[in-house]
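Structure, as structure tokens:
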Amino acid sequence: MAGGGDELKLLSTWFSPFGSRVKLALHLKGLRYEYVEEDLTNKSQLLLESNPVHKKVPVLFHGGRALCESVVIVDYIEEAFAGAGPPLLPADPYERAVARFWVAFIETKLVEPWFRVLDGTRTRAEMTEGVKQMLAAVAVLESALGQCAKGRPFFGGDSVGYVDVALGGLLVWVRASEVLLGVRFLDATRTPLLAAWAERFASLGAARAALPDFGRVVEHAKMRRGAAAGALAADKN
């Protein structure tokens, strides 16, 4: 990999979809980085000091300074290493704003209900509503892909862009959620553009390097949901 060298250090977990976003950006830009695995059950002093507000991963260190929140970090990588690799954001200000709009949509309309559905403590009605919101968001993203790509392979056009990274980082977890919930979110019949996009994205070298193993994520998610449900049951006793 090219530039960046020892200046870049990523603190994350192997299963974090948000850490995967940062890894994707780093690999697409061809940047070298040191990876440090964090134990969220026993958070390191490095994490507590570098992200004192949320105490969450990912955290990217560049030149000894820490950056938090995956979308913020991807933005930073794009600006700080503008000369490395392909651009993730278009040059046109309007198109840049549109890309940022869709990333914000993914965060609020897909990620937020997804978190509620998978936390293992929700009622059946709450989970049903969360899945409904996720399906509605995916339907909108299907239309957005058609508008943004205009027949080309990615949200970014001929190459992977900002929206691809934001959604692609979630891809393994979306597939795992289909197994856990028994619901197809990316379906070749209902969302053919997104289903084809997911296959193309997953085949990229950067995706193979950055995304976690599907089977391992499924097992991790089952264990986490079981632990959350067990804690809720204990609270009710």
| said: Looking at every heavy atom in both Ala91 and Arg96, which two are closest together, and how far apart are they? | reply: O-CD, 3.9 Å
| remark: Value for OG (Ser177) from CZ (Arg184), rounded to nearest 0.5 Å, stands at 12.5 Å
| said: When you group the ILVMFWY residues by side-chain heavy-atom contacts below 4.5 Å and let the links chain together, are Leu48 and Leu10 in the same group? | reply: no
| field | Within-4.5 Å side-chain heavy-atom neighbours: Val59 and Leu67 | value | no
| message | I'd like to know if Val22 and Val53 are part of one continuous hydrophobic network [Ile/Leu/Val/Met/Phe/Trp/Tyr, side-chain heavy atoms within less than 4.5 Å]. | response | no
| task | Output all residues satisfying side-chain hydrogen bond (donor to acceptor under 3.5 Å, both in side chains) with Trp102, sequence neighbours left out; order by chain, then residue number. | result | none
| query | Which of these, Leu167, Asp187, Val174, sits in a side chain to side chain contact (heavy atoms under 4.5 Å, CB included) with Leu194? | reply | Leu167
| message | With side-chain hydrogen bond (donor to acceptor under 3.5 Å, both in side chains) as the rule and sequence neighbours excluded, what pairs involving residues 78-87 come up? | response | Lys29-Glu78
| request: Please report the C-alpha distance between Leu186 and Leu171 in whole Å, then the side-chain angles of each, then the deciding distance to 0.1 Å, and finally whether the side-chain contact (heavy atoms from CB on, under 4.5 Å) criterion is met. | output: CA-CA 10 Å; Leu186 304 181; Leu171 186 55; 3.8 Å; yes
| message | Please determine whether residues Tyr94 and Phe101 belong to a single hydrophobic cluster, defined as Ile, Leu, Val, Met, Phe, Trp and Tyr linked transitively by side-chain heavy-atom distances below 4.5 Å. | response | yes
| said: Quick one, Leu8 and Glu34 - any side-chain contact, counting heavy atoms below 4.5 Å? | reply: no
Tell me which donor-acceptor pairs under 3.5 Å the side chains of residues 149-158 have, and how far apart each pair is, sequence neighbours excluded?
from, atom 1, to, atom 2, distance (Å)
Lys150, NZ, Gln147, O, 3.1
Arg152, NE, Ala149, O, 3.0

| message | Please enumerate all residues that pass side chain to side chain contact (heavy atoms under 4.5 Å, CB included) together with Ala80, with sequence neighbours excluded. | response | Tyr76
| task | Spell out, as yes or no, whether a donor-acceptor pair under 3.5 Å connects the side chain of Lys55 to the backbone of Pro52. | result | yes
| request: Find out whether Leu24 and Leu204 are in side-chain contact, i.e. whether some heavy atom of one side chain is under 4.5 Å from a heavy atom of the other. | output: no
| said: Please enumerate all residues that pass side-chain hydrogen bond (donor to acceptor under 3.5 Å, both in side chains) together with Glu112, with sequence neighbours excluded. | reply: none
| Selection residues 60-75 - residue pairs positive for salt bridge (Lys or Arg N to Asp or Glu O under 4.0 Å), sequence neighbours left out | Asp75-Arg100
| Which heavy atom of His27 sits nearest a heavy atom of Ala206, and at what distance? | CB-CB, 3.9 Å
| Pairs where residues 42-54 contributes a residue and the test salt bridge (Lys or Arg N to Asp or Glu O under 4.0 Å) is met, not counting sequence neighbours | none
| request: Any pair with a residue in residues 200-218 that passes salt bridge (Lys or Arg N to Asp or Glu O under 4.0 Å), sequence neighbours left out, goes on the list, sorted by first then second residue, please. | output: none
| Value rounded to 0.5 Å, distance of CG in Leu31 from CD in Glu7 | 10.5 Å
| query | Measuring from Glu107:CD to Trp114:CH2, what's the distance to the nearest 0.5 Å? | reply | 10.0 Å
| query | Do Glu178 and Trp173 have side chains that get closer than 4.5 Å, going by heavy atoms? | reply | no
| query | Could you give the distance from CG (Leu141) to CH2 (Trp197), rounded to the nearest 0.5 Å? | reply | 9.0 Å
| query | Can you list the residues that meet the ring pair (Phe, Tyr, Trp, His ring centres under 6.0 Å) rule with Phe61, with sequence neighbours excluded? | reply | none
| task | Kindly say whether Ala196 contributes a backbone atom to a donor-acceptor pair with the side chain of Glu199 at under 3.5 angstrom? | result | no
| message | Test your reading of the model: is there a side-chain donor-acceptor pair from Asp164 to the backbone of Gly161, 3.5 Å cut-off? | response | yes
| query | Of the non-hydrogen atoms in Ile73 and Pro58, which two are nearest, and what is the gap between them? | reply | CD1-O, 3.8 Å
Which atom pairs, one a donor and one an acceptor, fall under 3.5 Å between side chains of residues 11-20 and the rest of the protein, sequence neighbours left out?
from, atom 1, to, atom 2, distance (Å)
Thr13, OG1, Ser16, N, 3.2
Ser16, OG, Phe18, N, 3.2
Ser16, OG, Gly19, N, 2.9
Ser20, OG, Ser16, O, 3.1

| Tyr33 six-ring face occupied by Lys9 cation (under 6.0 Å, within 45°) | no
| How long is the span from the CZ atom in Arg190 to the CD atom in Glu142, to the nearest 0.5 Å? | 9.0 Å
| task | For residues Ala66 and Ser50, report the shortest heavy-atom separation together with the two atoms involved. | result | CB-CB, 3.8 Å
| Side-chain heavy-atom pair Leu181, Met127 within 4.5 angstrom cut-off | yes
| query | Can you pull the salt bridge (Lys or Arg N to Asp or Glu O under 4.0 Å) pairs that have at least one residue in residues 127-137, sequence neighbours excluded? | reply | Glu129-Lys132
| Closest heavy-atom pair and its distance - Gly168, Leu211 | O-CD2, 3.5 Å
| remark: Of all heavy-atom pairs linking Ala221 and Leu180, the shortest is CB-CD1, 3.4 Å
| said: Do Gln133 and Val117 have side chains that approach each other closer than 4.5 Å (heavy atoms only, starting at C-beta)? | reply: no
| message | Taking the side chain as everything from C-beta on, heavy atoms only, tell me whether Leu110 gets closer than 4.5 Å to Leu170. | response | yes
| said: Once side-chain hydrogen bond (donor to acceptor under 3.5 Å, both in side chains) is applied, do any residues pair with Thr128, and if so which ones, sequence neighbours excluded? | reply: none
| said: With heavy-atom distances below 4.5 Å as the criterion, would you say the side chains of Leu47 and Lys56 are in contact? | reply: no
| Interatomic spacing from CG in Leu46 to CD in Glu38 - rounded to 0.5 Å | 7.5 Å
| query | Should Val72 and Leu26 be counted in the same cluster of Ile, Leu, Val, Met, Phe, Trp and Tyr side chains packed under 4.5 Å apart? | reply | no
| said: Run Asn51 and Val57 through side-chain contact (heavy atoms from CB on, under 4.5 Å) and show every step you take. | reply: CA-CA 8 Å; Asn51 191 355; Val57 295; over 6 Å; no
